[in-house]
Structure formats: structure tokens, C-alpha cells
Protein chains: 2
Amino acid sequence: MSSPDTAPPARRQTRQRTAVLELLDELDGFRSAQDLHALLRERGDSVGLATVYRALQALVDDGLVDVLRSGEGEAAYRRCSPVHHHHLVCRACGRTVEVADPPVERWAARIAAEHGFADVQHELEVFGTCGSCAAGRG
Amino acid sequence: MSSPDTAPPARRQTRQRTAVLELLDELDGFRSAQDLHALLRERGDSVGLATVYRALQALVDDGLVDVLRSGEGEAAYRRCSPVHHHHLVCRACGRTVEVADPPVERWAARIAAEHGFADVQHELEVFGTCGSCAAGRG
DNA sequence: CATGTGCATGGGAATCATTCTCACACAGCT
DNA sequence: AGCTGTGTGAGAATGATTCCCATGCACATG
Ligand SMILES: [Zn+2]
Ligand SMILES: [Zn+2]
Ligand SMILES: [Zn+2]
Ligand SMILES: [Zn+2]
């Protein structure tokens with residue numbers, strides 16, 4: 001009943017997808033698809049822009065990458081751990097720290113239940129200026 | 001030192017801005033600028049699309065309206081109370097409930113301080129399916 | 001109330017991220 | 001090596017949001 005075979009991913013391993021994931025592994029903060037595309041080009045592992053978008057989408061679907069849609073109209077991607085977590089992001093340099101807050105998990109479930117909501121999900125991000133950036137021009 | 005006169009708003013009251021705010025007052029959930037523009041047109045109070053965007057931006061700046069940028073590339077606006085709060089939003093019908101969680105406010109400040117981050121802000125939204133929508137085809 | 005000044009408006013062009021199209025390349029399997 | 005269906009890439013297409021700029025109107029003034 002619970003869709004036993006959710007269409008086996010059967011992701012094909014290509015140079016492009018490997019390049020995107022390796023690049024993300026080397027970077028620390030969230031980066032836009034356009035940025036990643038440019039970085040790959042500089043680096044030599046040139047990959048088509050559309051392919052970068054497709055690879056990122058696949059990685060997100062597989063839970064290997066997190067996507068952040070805050071602020072402007074440019075999504076940012078980051079290689080993250082597969083367990084549920086939230087982010088503390090520096091507005092200036094993009095440095096990111098994965099953080100967890102068990103209480104908020106419970107709170108979200110409870111508040112949703114109290115209002116009769118089901119199928120609950122939540123998004124929690126914290127933005128700020130990291131020490132280096134706060135210190136004069138870090 | 002704390003910028004005493006932050007350029008007095010001096011917002012001019014026009015038919016268009018009034019129409020946008022009144023429409024938002026009648027609606028319950030988050031709506032996109034395009035939706036609002038269409039609704040205004042139907043209703044008769046036709047307002048240029050660019051003007052709708054400008055009015056919404058002004059309202060957001062004045063803290064009278066909240067903007068939600070989750071999911072797709074379409075920002076959603078809603079008339080909200082001016083005090084800090086978060087949202088419990090129905091993915092299906094858009095129904096929205098303003099909620100507060102004092103603990104998370106403290107947690108965000110603490111976690112940020114622990115990592116040397118200053119100038120902290122946070123975003124927390126809860127998504128789900130409301131009772132009406134969950135009930136068969138509400 | 002008449003008048004002047006400057007912000008506000010609108011609509012069509014411009015911008016920009018993201019997606020689509022589709023012919024061609026190649027990863028994985030036999 | 002040969003098949004087959006997925007993955008790729010370049011450019012077009014899409015769609016939301018912003019820009020431009022000539023005209024309109026809110027509002028302070030006398
Ligand atoms: Zn993450
Ligand atoms: Zn959580
Ligand atoms: Zn709100
Ligand atoms: Zn809060």
C-alpha cells in the first residue's frame with residue numbers, strides 16, 4: 001500500500017554530476033547554481049548550466065544537498081549531512097553552521113496538531129554576521 | 001549615532017495603495033503579487049502590476065505585511081500583526097495562523113552567540129495540511 | 001480655491017534565474 | 001562490441017520582478 005517500489009533512483013554516474021558534488025564538498029557555505037556553474041568553468045570541469053541545475057535538483061532529491069531560498073530570487077545550495085538540521089548562516093561571507101534544536105521539532109508538531117494541521121514540515125534558519133566578518137572587514 | 005532621523009517615510013496616500021491594503025485585509029492566507037493584481041482588476045479597482053509590487057514592498061518595509069518566499073519562485077504576501085511571530089500555513093488552501101514560540105527566540109539568540117554571530121535574525125515557518133483540506137477533498 | 005513641486009503611476013521593455021527542447025553522447029548491461 | 005534509455009548542452013522559452021520615463025495627482029502653500 002505504501003508504494004513499495006518508489007521508482008528506484010538508478011542515478012547514472014557521469015563526469016558532470018561527480019564534478020558538481022565534488023565542488024560542493026570543497027565549499028563551505030551556500031552557493032547559487034550560477035556561482036557553481038562559474039566555478040566549475042574556471043576550474044576546467046566545465047558543465048552546462050542546465051546540467052548544473054539538474055544535478056543539484058537530483059542531489060536535493062537524494063537528500064545530499066540542502067537548498068536555501070531566502071532573500072532574493074536565487075536559490076543557494078550546500079552539501080549537508082543527511083540528518084535533519086537547521087542553519088546558522090553568515091549574511092556576509094556565507095559561512096554556515098549546521099545546528100539542531102530538538103525542542104522546536106516538538107513545538108512544530110504540537111502547534112500544528114493543536115490547529116488540526118497534518119503532514120507537517122518546518123523551516124528554520126538563523127541569519128547573522130559571523131565573528132570574522134563582524135571584526136573590521138574580516 | 002543610531003541614525004536619529006531614518007528618512008521620514010512620508011508615504012503618500014493614493015487610491016492604489018489603499019486598494020492593495022484593503023484587499024489584503026479581506027484575504028486570509030498568503031497571496032502572490034500577481035494574484036493580488038488579478039483580484040484588484042476583477043474587483044474594479046484596477047492597479048498597474050508594477051504599482052502592486054511597489055505598494056507591497058512599501059507595506060513590507062513599514063512592517064504591515066509579511067512576505068513568504070518558500071517553495072517556487074513566487075513571493076507571497078499577507079496582512080499580519082506588527083508584532084514578531086511565525087506562521088502555520090496550509091499548503092493546499094493557504095489558510096494561515098500566526099503563532100509564537102518564545103523558546104525558539106531565545107534559542108536562536110543563544111546558538112548564534114555561541115558561534116560568534118551577531119546581528120541575528122531568524123525565519124521559522126511551519127507547513128502542513130489544514131483540517132478542511134485533509135478531510136476528503138475539503 | 002488656484003498653483004507648484006515632487007513622489008506616484010502604468011505599461012511595456014528589460015533583467016534574470018530557472019526550465020524546456022531536442023538532437024546527440026555515453027553509462028551500464030548483454 | 002552493440003543496444004537502449006538516460007544524461008548532456010546550447011539556446012530558446014518562461015515567468016516573476018524591476019526598470020524607464022512621460023504623465024498624473026497628493027499635498028503643502030498663500
Ligand atoms: Zn543543511
Ligand atoms: Zn527541525
Ligand atoms: Zn505574519
Ligand atoms: Zn521568532
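Naming convention: chains lettered A, B, ... in sequence-line order (proteins, then strands); numbering from 1 in each chain. Just so you know, these numbers come straight off a predicted model, no measurement behind them.
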Assign each of B/A33 and A/V52 to its nearest nucleotide of DNA chain D by heavy atoms, then name whichever residue's nucleotide is nearer the 5' end.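 Closest to the 5' end, via its nearest nucleotide, is A/V52.
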Below 4.0 angstrom from OP1 or OP2 of [N], is there any side-chain N or O of [X]?
X	N	result
A/T14	D/dT8	yes
B/Y53	D/dT18	no
A/Q16	D/dG9	yes

Taking all atoms of both residues into account, what is the closest heavy-atom pair of [X] and [Y], and its distance?
X	Y	answer
A/A112	A/V120	CB-CG2, 3.3 Å
B/A33	B/V52	O-CG1, 3.9 Å
A/R11	A/A58	NH1-O, 3.6 Å
B/V89	B/G94	CG1-O, 4.1 Å
A/F30	A/T96	CD1-OG1, 3.4 Å
B/R78	B/L24	CA-CD2, 4.5 Å

Whole-Å distance separating the [atom1] atom of [X] from the [atom2] atom of [N]:
X	N	atom1	atom2	result
B/L36	D/dA16	CG	C1'	14 Å
A/L40	D/dG9	CG	P	10 Å
B/Q57	D/dC19	CD	C1'	15 Å
A/L56	D/dT8	CG	P	12 Å
A/L49	D/dA12	CG	C1'	13 Å
B/H37	D/dT18	NE2	P	15 Å
A/R12	D/dT6	CZ	C1'	4 Å
A/R17	D/dG9	CZ	P	11 Å

Any side-chain heavy atom of B/V99 sitting closer than 4.5 Å to one from B/V126?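 No. Closest side-chain heavy atoms not under 4.5 Å.
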How would you give the extent of chain A contacts on DNA chain C, as first and last nucleotide 5' to 3' within a 4.0 Å heavy-atom cut-off?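 So the contact region on DNA chain C extends C/dA17 to C/dG28.
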Could you tell me, to 10°, how much the axis swings from one end of the helix from C/dC1-D/dG30 to C/dT30-D/dA1 to the other, five pairs per end? 40°
Residues B/R110, B/E105; criterion salt bridge (charged side-chain N to carboxylate O under 4.0 Å, His left out); working and verdict: CA-CA 9 Å; B/R110 181 169 56 73; B/E105 311 297 327; over 6 Å; no
Check whether the side chain of A/R54 and the base of D/dG9 form a donor-acceptor pair under 3.5 Å.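 Answer yes: a donor N or O sits under 3.5 Å from an acceptor.
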Do A/H86 and A/H122 have ring centres separated by under 6.0 Å?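 Ring-ring flag for A/H86/A/H122: true, centres closer than 6.0 Å.
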Between A/D66 and A/R79, does the salt bridge (charged side-chain N to carboxylate O under 4.0 Å, His left out) criterion hold? Intermediate values first, please. CA-CA 6 Å; A/D66 275 0; A/R79 180 71 207 272; over 6 Å; no
Contact class for B/Q34 vs. all strands (heavy atom < 4.0 Å): base, sugar-phosphate, or nothing? base
Any base atoms under 4.0 Å from B/R69, or only sugar-phosphate, or nothing? Heavy atoms, all strands.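 Touches nothing.
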Of the nucleotides D/dT8, D/dA26, D/dT17, which one has an atom closest to the side chain of B/A75?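 Taking heavy atoms from C-beta onward, the closest nucleotide is D/dT17.
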